[in-house]
Every structure is written in structure tokens, then in C-alpha cells.
There are 2 protein chains.
Amino acid sequence: MTTTAAAATIKPQNQATGTAKRAGLDYEDVVVAALQLVETRGAEALSMRKLAAELGVTTTTIYHHVGGRDDLILALIRHSSAQQAEIMIEGQNPADRIQSVSEHIWSSALDHRNVTALAHQVGATSLLAMPLELALARELQAAGLSGAALRDALRAILMCTAGFLVVAFRNEASISAEYRSSELWSEVIDEQIDAETTQALCEPPDVFLLFQQSIRALILHFITAEPSPSKQRPSKKQRNKGATHD
Amino acid sequence: MTTTAAAATIKPQNQATGTAKRAGLDYEDVVVAALQLVETRGAEALSMRKLAAELGVTTTTIYHHVGGRDDLILALIRHSSAQQAEIMIEGQNPADRIQSVSEHIWSSALDHRNVTALAHQVGATSLLAMPLELALARELQAAGLSGAALRDALRAILMCTAGFLVVAFRNEASISAEYRSSELWSEVIDEQIDAETTQALCEPPDVFLLFQQSIRALILHFITAEPSPSKQRPSKKQRNKGATHD
DNA sequence: GGGGTTCTGTAACAGTGTGCAAGAATACTA
DNA sequence: TAGTATTCTTGCACACTGTTACAGAACCCC
């Protein structure tokens with residue numbers, strides 16, 4: 001509960017130089033304190049005043065060292081991104097390795113769910129997952145893709161993953177749980193849909209299993225797709241239908 | 001600029017009954033005013049005080065009629081959901097019709113992007129898109145799916161759509177545009193990835209085109225998948241590999 | 001020691017959601 | 001019609017939020 005304890009444990013040596021004032025804080029000190037605050041108490045616990053109290057200073061100090069709230073969050077995301085850079089990619093064939101990276105993006109986001117939620121709020125998820133994005137690009141290239149085809153495959157996998165993650169996060173939050181899809185379906189009575197299906201839609205989802213399955217389908221689709229010569233974009237979805245049917 | 005003008009245009013008759021006070025506001029009046037405020041001035045423009053000023057009353061009146069902010073947003077979403085209920089489904093074969101509904105979910109979210117963003121913030125997107133979710137279930141059933149298989153297909157399509165929508169919204173917002181994936185790739189120098197690919201990853205994405213393509217792949221995967229007997233869940237991804245390869 | 005830079009605190013501004021207590025306007029009732 | 005009861009509305013306050021102008025310490029260097 002002693003607010004200065006956190007700062008003291010981080011930098012005790014500078015606390016000794018100055019008698020009372022001059023907390024001896026650094027840019028990085030503030031950022032790691034903010035990151036720690038977010039990871040332990042959640043994304044909504046990050047406010048300038050709370051962080052300042054945690055550091056034993058005033059908000060003005062934070063503004064002087066790292067800038068406004070957006071700068072702080074961005075710095076925090078960068079810091080967390082560097083931490084979760086190295087990964088272990090498993091699998092023998094290219095598809096398995098791409099799947100492995102995708103699942104690593106998933107588990108990494110869940111491991112740092114608070115930072116991920118924060119990055120999602122400010123629209124900087126790419127900044128957080130950039131190292132994994134790079135690893136994904138490498139594996140896609142190892143699968144034979146390159147250029148526009150690789151770009152499309154990578155983006156599709158990332159966007160799809162983001163969607164599943166959003167739902168996974170939402171299902172964790174106990175707030176407004178009565179507005180989840182499975183709860184809403186329990187009140188649906190539609191004669192066009194048989195009872196067994198309606199009941200199945202009321203069951204809570206296994207988001208990760210569905211994620212694995214869907215990503216797998218996407219990977220196979222983009223790997224086995226014909227190598228599109230540069231950037232042709234014929235009239236809308238005609239191309240997609242033909243490509244997947246033949 | 002006259003704050004009472006909005007309320008007057010909505011309910012001019014009740015303004016005449018009471019001499020000065022008693023604004024004559026209804027539950028629905030507040031909700032439609034909030035919806036209008038969100039649609040015209042954005043999701044972040046919805047505050048209790050701004051809405052109250054728009055209606056020519058005080059915040060307490062809103063609290064009395066519809067409740068707190070969450071209740072207001074939920075009511076707003078329900079109202080908007082009922083408006084965008086009826087749709088036109090095109091296509092001859094089942095896959096095309098499922099694709100049509102999916103794209104309708106997309107365009108509907110973009111047409112009401114502010115409400116969608118708001119629903120996304122409070123985690124009630126299912127509440128907003130429930131009518132379209134129902135239409136999607138019907139088309140999936142028409143394609144021969146039912147029970148757990150239909151449930152999984154529906155959820156996969158919805159989650160994937162949500163992911164693409166998040167990115168589409170993010171790319172629209174001009175704030176923090178320098179943290180988009182395409183901008184970050186312009187600073188990447190990786191010898192394992194060839195230059196052509198790196199350059200392709202710097203190009204701005206055509207999110208809708210990718211959405212169409214990916215959803216198509218998902219639909220074909222879930223439609224042509226074997227009818228899984230009830231709810232077997234064998235060891236992780238072994239099943240997925242076998243199902244899609246054979 | 002003096003001057004300049006760097007850091008920090010105080011206080012304030014303009015917002016946000018929310019709740020309490022009181023009064024006005026209407027509806028109901030005897 | 002008079003009086004009560006209920007519904008509606010307001011004013012004010014509380015506890016927050018991000019942000020900044022100003023002033024004064026603390027430090028470094030000469």
C-alpha cells in the first residue's frame with residue numbers, strides 16, 4: 001500500500017542521492033512501472049494519477065519523462081513487444097509451421113492479455129505483434145509464397161486471428177456476459193432452424209479449437225492457391241470462386 | 001446550435017402541454033436521440049452531458065428514463081439492430097448465399113460504423129448483428145449443415161468477419177495511422193524475406209477483397225467438411241489435418 | 001558561488017459517469 | 001374541487017479522467 005515502495009524496489013540507489021525530492025526516475029522506469037501496472041491490475045487501471053502514485057510522484061513527472069497517455073501506451077507496447085520476440089516454431093511441413101506461428105500469436109496475446117487489450121484500444125496491435133508478424137512472413141515464404149500472394153496470406157491470417165482473439169477476450173470478461181451470442185440464442189425461436197441446431201448454438205464456444213480449425217483452412221487455401229502474377233484484380237469475387245473451385 | 005431544437009423537432013406536441021418544464025421525454029425519445037448523436041458525431045461524442053444538452057435537459061433525466069450509460073448503449077444497439085433486420089440474400093447455390101449474408105454483415109457494420117464501434121467497445125456486437133446471425137444460420141442449414149457443425153461454421157464466419165472489420169475500422173481512423181502494419185513494414189529489413197515481398201507488405205490493404213477471399217475459403221471448408229457425429233474432440237489438430245487433406 | 005538546465009509539485013481547467021435531495025408538474029383519488 | 005401521490009426534472013456534489021501553466025526546488029557545470 002505504500003506508494004513509494006514500487007519506485008524504491010526499482011531504483012533504490014537514486015533515492016539515496018537526493019534527500020527528499022528528485023525521485024531519480026528514468027524514461028524506462030516509468031514505462032516498466034506502467035507495464036507492470038497494466039499486467040497486474042488490468043488495462044483500465046492505467047491512469048496517469050494511479051501510475052504516478054505507484055511511482056511516488058505526481059503526474060507532471062510522467063508527462064516530463066515520456067509524454068502524454070498515448071505516448072506512454074505506445075512505449076509500453078513497444079517494451080512488451082520486445083519481450084515476447086523470440087518464439088519456438090514447431091512442425092515439419094510448411095503448413096504445420098505456419099499454424100504453429102499463428103497459434104503462437106494466439107497464446108502470446110492471451111499471455112499478455114492486458115497489454116493486448118490496451119494495444120487493441122489504441123489500434124496498435126500490429127506494433128505489439130510485429131516480431132511474430134515477421135516470423136509468420138518467413139514461414140509463409142518457406143512455404144513457397146512471395147510478393148502479393150504472401151502479403152495477402154499474412155494479412156488474412158492476422159485479421160482472422162484478431163477476430164477470434166476479440167471474441168476470446170470478450171468471453172473472459174464477466175461484464176455483460178448476458179449479451180454473448182450463446183446467451184442470445186437461448187431466446188431464439190425460429191421454425192426454419194431445427195431444435196438441435198438452436199440448442200447447439202446455445203452452448204459456450206471453444207474459441208481456440210475453432211481458431212485452429214479456421215486458420216488451418218485459411219492456410220491451406222492460401223498455400224494451394226495459384227501463384228497470382230503480380231497484382232491483377234478482376235471484377236470482384238469472380239476470381240475467388242474460380243480459384244477455389246478448379 | 002440551439003440545444004432544444006433537436007428535442008423540439010422530435011416531439012413538438014409535448015413541448016406545448018407543459019408551460020416550461022416537463023420536457024415530455026420518453027424512453028424511446030432518449031434512445032433515438034442518442035442513436036442519432038452517435039451516428040452523426042461518432043461514438044466518442046456520446047456522453048451523458050452532451051446527450052442531455054442535445055435534448056435540452058439535464059443528465060438526471062436520462063438516468064431516470066433509460067438508466068446509466070451501459071443501459072443507454074444497450075438500448076441504442078437494440079434499436080439499431082431492429083432497423084437493419086431485413087436483408088436481401090443473393091446467389092443460387094448455398095455457398096454463394098452464405099457468402100452473400102457474410103458480406104451483408106460486413107456492409108451493414110460499415111453502414112452503421114459508429115454504432116458498431118460502440119457495440120464493439122461494450123462487447124455487444126452479437127446483440128447488434130443478431131438478425132443477420134439468424135439469417136446466416138438459416139442459409140447454413142439450407143447448405144446441409146445442422147447441429148454442432150452448423151454452430152461451428154457460423155461462429156467461425158462471425159469471428160473471422162469481426163477480425164476483418166476491426167482492421168477495416170482501424171484503417172479508417174486517421175489517428176495513429178503510423179502504427180498500421182503497412183507502415184511498420186516499411187522499416188523492416190530482413191535478409192530472410194526477399195525485397196519484393198517486403199515491398200508488397202508496405203502497400204495499403206484492400207481489406208474487403210481479402211475478406212471476401214478468406215470467407216469464401218472458410219465457407220467451402222465448413223460446407224465440404226465431413227458431418228461430425230455429435231461432439232467428438234480428438235487430440236487437437238490431428239482431426240483438422242485429416243479432414244481437409246482427404 | 002552563480003547561472004542554466006533539468007526535474008518536480010501545486011493548482012487549476014475541462015471533461016467524464018453517477019447519486020442524492022429537493023422541488024415542480026402531473027395524475028389520481030376522496 | 002381539494003388534497004394526496006406519483007412521476008418527472010433540476011441543481012449540486014463527488015470522484016474520477018487527461019492535460020497544462022507556473023513556480024520552485026535540485027542538480028550540473030563553469
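All values derive from a computational prediction rather than experimental measurement. Order of the sequence lines sets the chain letters (A, B, ...), proteins ahead of strands, with each chain counted from 1.
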Pairwise side-chain contact, A:Ser102 with A:Trp106, heavy-atom cut-off 4.5 Å (strictly under)
no
May I have the distance from B:Arg69 (atom CZ) to D:dA15 (atom P), rounded to whole angstrom?
22 Å
Once you round it to whole Å, what is the distance between C1' of C:dG9 and CG of A:Leu55?
15 Å
Roughly how many Å is it from CG in B:Leu25 to C1' in D:dC8, rounded to a whole number?
10 Å
Nearest 0.5 Å please: distance from the CD1 atom of B:Ile89 over to the CD atom of B:Glu103.
12.5 Å
Classify A:Leu46 by what it touches in the nucleic acid, base, sugar-phosphate, or nothing, heavy-atom distance under 4.0 Å.
sugar-phosphate
Does A:Glu28 have more than 12 heavy atoms from other residues, nucleotides or ligands lying within 6.0 Å of its CD?
no
Go through residues 58-65 of chain B and report each residue with a non-hydrogen atom lying under 4.0 Å from DNA chain D, sorted by number.
B:Thr58, B:Thr60, B:Thr61, B:His64, B:His65
Figure out the CG/C1' separation between A:Leu51 and D:dC16, and round it to whole Å.
16 Å
Test your reading of the model: is there a side-chain donor-acceptor pair from B:Ser214 to the backbone of B:Phe211, 3.5 Å cut-off?
no
Under 3.5 Å, is there an N or O donor on one side and an acceptor on the other linking the side chain of A:Arg49 and the base of D:dG18?
yes
From OH of A:Tyr27 across to P of C:dT8 the rounded distance in Å is 16 Å
Atom pair distance, as rounded to whole Å: CG in B:Asp70 and P in C:dT16
16 Å
Just N and O in the side chain of A:Lys50: are any of them under 4.0 Å from OP1 or OP2 of D:dC16?
no
Residues B:Met48 and B:Ile62: closest non-hydrogen pair is O-CD1, 3.5 Å
Distance from B:His65 atom NE2 to B:Asp26 atom CG, nearest 0.5 Å?
7.0 Å
